[in-house]
Amino acid sequence: MPELPEVEVVRVGLQAHVAGRTVREAEVLHPRAIRRHVLGADDFTQRLTGARVEAARRRGKYLWLELSDKEAVVAHLGMSGQMLVQPEDAPDEKHLRVRLRFDDDGPELRFVDQRTFGGLVLDDLTDIGERVLLPGSIAHIARDPMDPAFDLDTAVRALRSRRTEIKRALLDQTLVSGIGNIYADEALWRAKLHWARPTEKLTLAKGRELLSAASDVMNAALGQGGTSFDALYVNVNGQSGYFDRSLDAYGQEGLPCHRCGSPIRREPFMNRSSFSCPRCQPRPRG
């Protein structure tokens, strides 16, 4: 699943290519792509027609286009969703699901999704205070470590209050958003913490170190276009990221730890896997 750096790469592209433009026509080519929009395809396309895209926004791993009438197009990328900017005369992609054309006759925006786990939905913007507008469906999502208003100590206290394993808390988007399985493993490796460390035993200093590591690793990934393990994670121009070449823990089973040389281990975690160094990140006792 795409995490914060991958989503931010897409947001930056959408801001550059779509913000400030007015939708001339919306076309739904596969009903599953708007299944979350309960009023159906006709309502979706009618409400988008004539709407001006004010900005591309993101909170954590959630992405939306802010519209002129206090509505938003929320994009759920799922496992394979792509937002592509293409010339109007470019051939349709095999898995093209939704198309937006603009009144300036410039490049169109296409939502392409091979596995159809993602989708688009129109949502009202909600004022959650401090002049912050969020789509109602994600108003409960916490700030992420790359948000200018992110409060490090508040986030650490939220993690410590959860009474669970530290990695489970990192993945809880209501505590800290934007961190998924890949960057959780990378942050834990940098902070020398095992994923099963109880949150109540996390000191304030170590919590700061952990979340700072998460911010650092996500910024590094962002600079390289995100992490791509296949052709499905791409930016608006169809280009893949390549931070996977720089990973220290995730997916590195059996390879030497870049810090101590011990083979990286893989352990089952929430129907997925967690990767860590057995020497640098010893499992907590008990």
Side-chain angles (χ1 to χ4, degrees), residues 1-7 36 59-63 76-81 113 115-119 137-138 140-146 155-202 206-207 209-218 221 226-230 232-233 241 243-244 247-255 257 262-286:
M1 299 288 285
E3 300 185 27
L4 185 154
E6 293 77 42
V7 177
R36 294 179 178 87
R59 173 165 284 202
K61 299 184 285 185
Y62 296 86
L63 174 72
H76 300 267
L77 298 180
M79 294 182 67
S80 59
D113 191 2
R115 298 169 183 164
T116 63
F117 292 153
S137 59
I138 63 170
H140 63 292
I141 299 299
R143 294 186 185 274
D144 62 71
M146 295 173 66
V156 173
R157 286 193 291 270
L159 292 177
R160 295 176 66 194
S161 70
R162 186 55 74 186
R163 297 296 186 270
T164 185
E165 298 160 341
I166 185 60
K167 186 174 178 180
R168 288 179 182 267
L170 280 177
L171 299 181
D172 186 339
Q173 303 299 295
T174 67
L175 303 178
V176 180
S177 69
I179 304 173
N181 202 39
I182 296 174
Y183 298 113
D185 278 358
E186 292 299 297
L188 288 164
W189 182 87
R190 292 189 179 202
K192 298 182 180 180
L193 289 170
H194 190 274
W195 60 264
R197 169 77 69 89
T199 52
E200 62 267 26
K201 294 184 178 180
L202 185 70
K206 202 64 176 176
E209 181 183 352
L210 175 61
L211 290 182
S212 295
S215 179
D216 290 345
V217 73
M218 289 191 292
T227 301
S228 291
F229 294 100
D230 57 37
L232 298 179
Y233 293 158
F243 187 70
D244 59 292
L247 295 173
D248 290 305
Y250 185 87
Q252 307 301 302
E253 181 183 13
L255 297 178
C257 170
S262 299
I264 295 293
R265 67 186 164 196
R266 179 176 64 85
E267 299 174 283
F269 172 79
M270 294 176 61
N271 297 318
R272 289 176 282 181
S273 295
S274 196
F275 298 86
S276 60
C277 172
R279 179 177 296 176
C280 299
Q281 300 166 265
R283 174 179 278 275
R285 295 178 180 179

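All residue numbers in this chain count up from 1 along the given sequence. Because the structure is predicted, anything quoted here is derived from the model rather than measured.
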[X] [atom1] to [Y] [atom2] distance, which is reported to the nearest 0.5 Å:
{"X": "L210", "Y": "R197", "atom1": "CG", "atom2": "CZ", "answer": "10.0 Å"}
{"X": "H194", "Y": "E165", "atom1": "NE2", "atom2": "CD", "answer": "9.0 Å"}
{"X": "R168", "Y": "S274", "atom1": "CZ", "atom2": "OG", "answer": "10.5 Å"}
{"X": "I264", "Y": "C280", "atom1": "CD1", "atom2": "SG", "answer": "7.5 Å"}

Identify the two heavy atoms, one from [X] and one from [Y], that lie closest to each other, and give their separation to 0.1 Å.
{"X": "S80", "Y": "R115", "value": "OG-N, 2.9 Å"}
{"X": "M218", "Y": "Y183", "value": "CG-CG, 3.9 Å"}
{"X": "S273", "Y": "N181", "value": "O-ND2, 3.1 Å"}
{"X": "T199", "Y": "L159", "value": "CB-O, 3.2 Å"}
{"X": "P145", "Y": "L211", "value": "CB-O, 4.4 Å"}
{"X": "A213", "Y": "A187", "value": "CB-O, 3.9 Å"}

Legend entry - R283, CZ: over 12 other non-hydrogen atoms inside 6.0 angstrom: yes
Inset, instruction - Take atom NZ of K192 as the centre, draw a 6.0 Å sphere, and report whether it contains more than 12 heavy atoms from other residues, nucleotides or ligands. - result: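 Not buried by this count: 12 neighbours or fewer within 6.0 Å.
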Where the side chain of [X] meets the backbone of [Y], is there a donor-acceptor pair that is under 3.5 Å apart?
{"X": "D248", "Y": "E186", "result": "no"}
{"X": "Q173", "Y": "G178", "result": "yes"}
{"X": "E200", "Y": "S161", "result": "no"}

Note, [X] side chain near [Y] side chain (heavy atom, < 4.5 Å):
{"X": "Q252", "Y": "F275", "result": "no"}
{"X": "I141", "Y": "Y62", "result": "yes"}
{"X": "F269", "Y": "L171", "result": "yes"}
{"X": "V156", "Y": "R160", "result": "yes"}
{"X": "P198", "Y": "I166", "result": "no"}
{"X": "W189", "Y": "C257", "result": "yes"}
{"X": "L193", "Y": "L202", "result": "yes"}

Taking only Lys NZ, Arg NE, NH1 and NH2, and the carboxylate oxygens of Asp or Glu, determine whether [X] and [Y] approach each other closer than 4.0 Å.
{"X": "D144", "Y": "R59", "answer": "no"}
{"X": "E6", "Y": "K61", "answer": "no"}
{"X": "D185", "Y": "K167", "answer": "yes"}

Inset, instruction - Check whether the side chains of R265 and S276 place a donor and an acceptor atom closer than 3.5 Å, and report yes or no. - result: yes
Inset, instruction - Return yes if a side-chain donor-acceptor contact under 3.5 Å exists between W195 and Q281, otherwise no. - result: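 Side chains of W195 and Q281: no pair found under 3.5 Å.
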